[in-house]
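Order of the sequence lines sets the chain letters (A, B, ...), proteins ahead of strands, with each chain counted from 1.
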Protein chains: 4
Amino acid sequence: MHDESAAIRPEDPTLTPRVKGRPRSTTADDAILAAARSLLADGGWAGLTMGDVAARAGVAKTTLYRRWHSKHDLAIAAVAEMLGTLHLPDRGADLRADIEDVVRRFAALLGRPEMRTALMGLVADSTSDPALRRRIREEVVNPQKRLVVEGRARAEARGEITAPGDIDVDLIFDVIAGTVVQHVLVSAEPAGDTWVDRFTTFVVAGLLT
Amino acid sequence: MHDESAAIRPEDPTLTPRVKGRPRSTTADDAILAAARSLLADGGWAGLTMGDVAARAGVAKTTLYRRWHSKHDLAIAAVAEMLGTLHLPDRGADLRADIEDVVRRFAALLGRPEMRTALMGLVADSTSDPALRRRIREEVVNPQKRLVVEGRARAEARGEITAPGDIDVDLIFDVIAGTVVQHVLVSAEPAGDTWVDRFTTFVVAGLLT
Amino acid sequence: MHDESAAIRPEDPTLTPRVKGRPRSTTADDAILAAARSLLADGGWAGLTMGDVAARAGVAKTTLYRRWHSKHDLAIAAVAEMLGTLHLPDRGADLRADIEDVVRRFAALLGRPEMRTALMGLVADSTSDPALRRRIREEVVNPQKRLVVEGRARAEARGEITAPGDIDVDLIFDVIAGTVVQHVLVSAEPAGDTWVDRFTTFVVAGLLT
Amino acid sequence: MHDESAAIRPEDPTLTPRVKGRPRSTTADDAILAAARSLLADGGWAGLTMGDVAARAGVAKTTLYRRWHSKHDLAIAAVAEMLGTLHLPDRGADLRADIEDVVRRFAALLGRPEMRTALMGLVADSTSDPALRRRIREEVVNPQKRLVVEGRARAEARGEITAPGDIDVDLIFDVIAGTVVQHVLVSAEPAGDTWVDRFTTFVVAGLLT
DNA sequence: CAGTAACCGAGACGGTACGTCACGTCTTTCT
DNA sequence: AGAAAGACGTGACGTACCGTCTCGGTTACTG
């Protein structure tokens, strides 16, 4: 299981904490990430300015760059932190309820402007930057596949599915994540109850056939 | 039927062209769009620089801005032109073949760097710019829904489906477009035969249930 | 004879003025130089900040850098402009009066803070930058030797000296310029009548022996 | 007689050294001054960076600032230490020989890059900093006037001059120091035998008239 | 012979200036 | 009136150095 919070704390989260020199301010980290989220919400991807982040966090620009080497690094940390809050509570229901739940939660997350601007800004820049794409995949996207894995395990435990190997985690993940993004961000329509219901039906049909 | 080429020609698509003064160079338009595509392919979204476009097109920046009012306008035109090439040839086959075909073609389009960088760049900027999002939806995204509409009509004609009203064009479109984008651009894996086959199976299952 | 104003106007003072494109604002040049002098007077060499110069001149930083490529370039232009005002009026007097006059004028120039800070700032930086030293020598220092040459010519015309070849222009210049700088800037004492008189006597003695 | 070494040892030259606590490392002082000189020689005034001095001296920045409160303090110490080596050996010769000797030695000192960059850097900064100018005058410049005073005393002892009051120590000092600086640093020409000879002749003429 | 006060190294911190780059507008002459 | 050229104001970038601070740890005198 991935530790999806790995990317949030900057640099080397080594187990042996630094012993030499003045330790880094732990409050600064949070202030910076909060400032970054706030600016993303206010001004979109272009509004995420290193200078403004520093100013709003009450921190010098150098302090910011000491922790995150670029705008991309900072955005990844902010996104990863927000995605880390995604959980799949076991409500004892069926597979369909689990899927509906994750769709709803993911759509709600994309409804937050700081989330969608950061996520799409990163994806956009990554289209011509393989290294960035790799980092996003490993630190942002892949950790979320745990939700699908977990849902599959529950369905199997409930006896809803018998051959878990038939379920392609990556495909299901791409279908859910991609469709929700497309619907919410590109088609720009709300993920209301009706839509969630129809989409869930679609996914369940694909899964159980 | 939408006229998806509307966005390609710049500015005022008035039917009565200007009569006074020197007419606009018609070759410039193509040179500019070609230069834009070339720069997008070379340097990604950040490489699409108005100054560089003008230089590579052998044109003054003034000329460029006279046709498209901003980088976004230009990118939309470039993207729309490329998307206009998407067609769904009627090969007399079944629904599954049509879906597989459109998946493959869309994936191929996203394989072109100038396409994916422009598309994602626009989507990213649109997350905090409702006007831009609206333009993208109307001039770039919605026109492609014709493929789904057309496929549905063929399936009906073939008798594969009986109640076309049961098919939600928007949902199917979001599933196909979103999943392919997620797979190709985010997960960064090729849309090979195996994947296309599995995904098509999934979609058909959802459709025919 | 050098054209000591050559360095003031930036870049290529080509005889065929630019014909293509928007011409450079001529008022900006003066505003920038005035701002530079003003900042030098206010805050010394460290106060000469490219950003502040631009702001005070009511001009963008880019405009400033388009004309002068560095702080050094700008300072040279400012110094050269001020030194260009040094003249030796022919008052029909004798050699001693001419020397006294030039000493007094040069000391007065060094009394202006914008002059002394720029001059010393440049000289200081030039101690480890041969290219800069060369530029200062050619565009700032050497042109002033005209004063010595002219004084010698007048003295010869008056019959005060018979063998002009015996007068080493470079040595006399170094003695006068160096001593005045040392007295005014390092020893930090005013160049009052008494001092000017004593120094002039010293120089004349050295000259006529 | 001035104690020209006063400035070299840092901070509080109190006669009662601190008694409590760990005493300061005596080797650090020399290591720092050596590092400072070395950096001045390598990179000029701009190369004298407090961080680099500390690093090259193998010392923490704290240690450095505990001894000298600023870059200026450190540079003054380095310059004073170097100037302290200027001496005027009594070679039993005449006034002219003494002058020639001091000119040559001073020129040689200015030939060392660490000397000229530090000296000019300080003078430059002092043009807009009266306090700094005062310190330089008192701790760097004035102590060197001992050479002129001493030379005058010898000349008087030899009977070369009869009225020592006629010799203006400050003026002579400014002429010699200023002219040599101007020649070596600004005109950037070597102080070869010919030049030293001509300049000495000039000074002696001024002195004995 | 234990306390303690000043030292030391390391390095984080808030500032400030640097010189570059792209945006989208403007001003000029030429076609 | 369009086109080419390029200057213009604006504002962000990431780097470097300043002088201060905050750590843990190290001497040597003192009580």
Side-chain angles (χ1 to χ4, degrees), chain A residues 17-26 28 46-55 57-71, chain B residues 18-25 28 46-55 57-72, chain C residues 17-26 28 46-55 58-71, chain D residues 18-25 28 46-55 57-71:
Chain A
R18 297 236 178 303
V19 281
K20 311 183 87 171
R22 176 177 174 175
R24 290 199 179 155
S25 160
T26 52
L48 183 66
T49 284
M50 297 306 259
D52 287 356
V53 170
V59 139
K61 231 180 355 157
T62 42
T63 298
L64 202 161
Y65 276 105
R66 205 172 285 119
R67 290 165 161 73
W68 292 282
H69 299 320
S70 68
K71 185 171 167 167
Chain B
R18 282 171 187 62
V19 281
K20 306 184 69 173
R22 176 175 173 178
R24 288 191 182 162
S25 160
L48 183 66
T49 286
M50 297 305 260
D52 288 357
V53 170
V59 141
K61 261 203 299 179
T62 327
T63 302
L64 201 163
Y65 275 103
R66 202 173 287 119
R67 288 162 163 77
W68 293 280
H69 296 323
S70 67
K71 182 170 169 170
H72 289 152
Chain C
R18 296 234 179 305
V19 283
K20 311 183 85 171
R22 176 176 175 175
R24 291 198 179 155
S25 161
T26 51
L48 183 67
T49 284
M50 297 305 259
D52 288 355
V53 169
V59 139
K61 230 179 358 156
T62 43
T63 298
L64 201 162
Y65 277 105
R66 204 172 285 119
R67 290 163 160 74
W68 292 282
H69 300 321
S70 67
K71 185 170 168 170
Chain D
R18 280 174 190 61
V19 281
K20 308 183 71 173
R22 174 177 176 176
R24 289 193 182 158
S25 160
L48 182 66
T49 284
M50 295 306 260
D52 287 357
V53 170
V59 141
K61 261 204 299 178
T62 326
T63 301
L64 201 163
Y65 275 103
R66 201 173 288 119
R67 289 160 162 75
W68 294 280
H69 296 323
S70 68
K71 185 170 166 169

So, OP1 or OP2 of [N]: does either fall under 4.0 Å of a side-chain N or O from [X]?
X: D/R24; N: E/dC7; result: yes
X: D/T62; N: E/dC7; result: no
X: C/T63; N: F/dG9; result: yes
X: A/R66; N: E/dC13; result: yes

Closer than 3.5 angstrom, by distance alone: can the side chain of B/S70 be matched with the main-chain N or O of B/H72 as a donor-acceptor pair? yes
Okay, side chain of D/K71, backbone of D/L48: is any donor-acceptor separation there less than 3.5 Å? yes
Per nearest nucleotide of DNA chain F, the residue lying toward the 5' end, A/R22 or A/D52, is A/D52
How do A/S70 and B/A60 order along DNA chain F: which one's closest nucleotide is nearer the 5' end? B/A60
Expressed as a whole number of angstroms, how long is the span from B/H69:NE2 to E/dT25:C1'? 14 Å
What's the CH2-C1' distance between C/W68 and E/dC18, to the nearest Å? 19 Å
The side chain of [X] is closest to which nucleotide in this list: [options]?
X: C/T49; options: F/dG19, E/dT28, E/dA17; answer: E/dA17
X: D/Y65; options: E/dG14, F/dG19, F/dC8; answer: F/dG19
X: C/K71; options: E/dG9, E/dC18, F/dC13; answer: E/dC18

Using side-chain hydrogen bond (donor to acceptor under 3.5 Å, both in side chains) as the criterion, list what pairs up with A/S25, not counting sequence neighbours. A/T27
Applying side-chain hydrogen bond (donor to acceptor under 3.5 Å, both in side chains), name anything that partners B/T62, two or more places apart in sequence or on another chain. none
With nearest nucleotides of DNA chain E determined for B/L48 and C/G51 from heavy-atom distances, which residue corresponds to the more 5′ nucleotide? C/G51
Heavy-atom nearest nucleotide on DNA chain E for A/G58 versus B/M50: which residue maps closer to 5'? A/G58
Under the 3.5 Å rule, do the base of F/dG6 and the side chain of B/K61 count as making a donor-acceptor pair? no
NE2-CG distance between B/H69 and B/L64, expressed to the nearest 0.5 angstrom: 12.0 Å
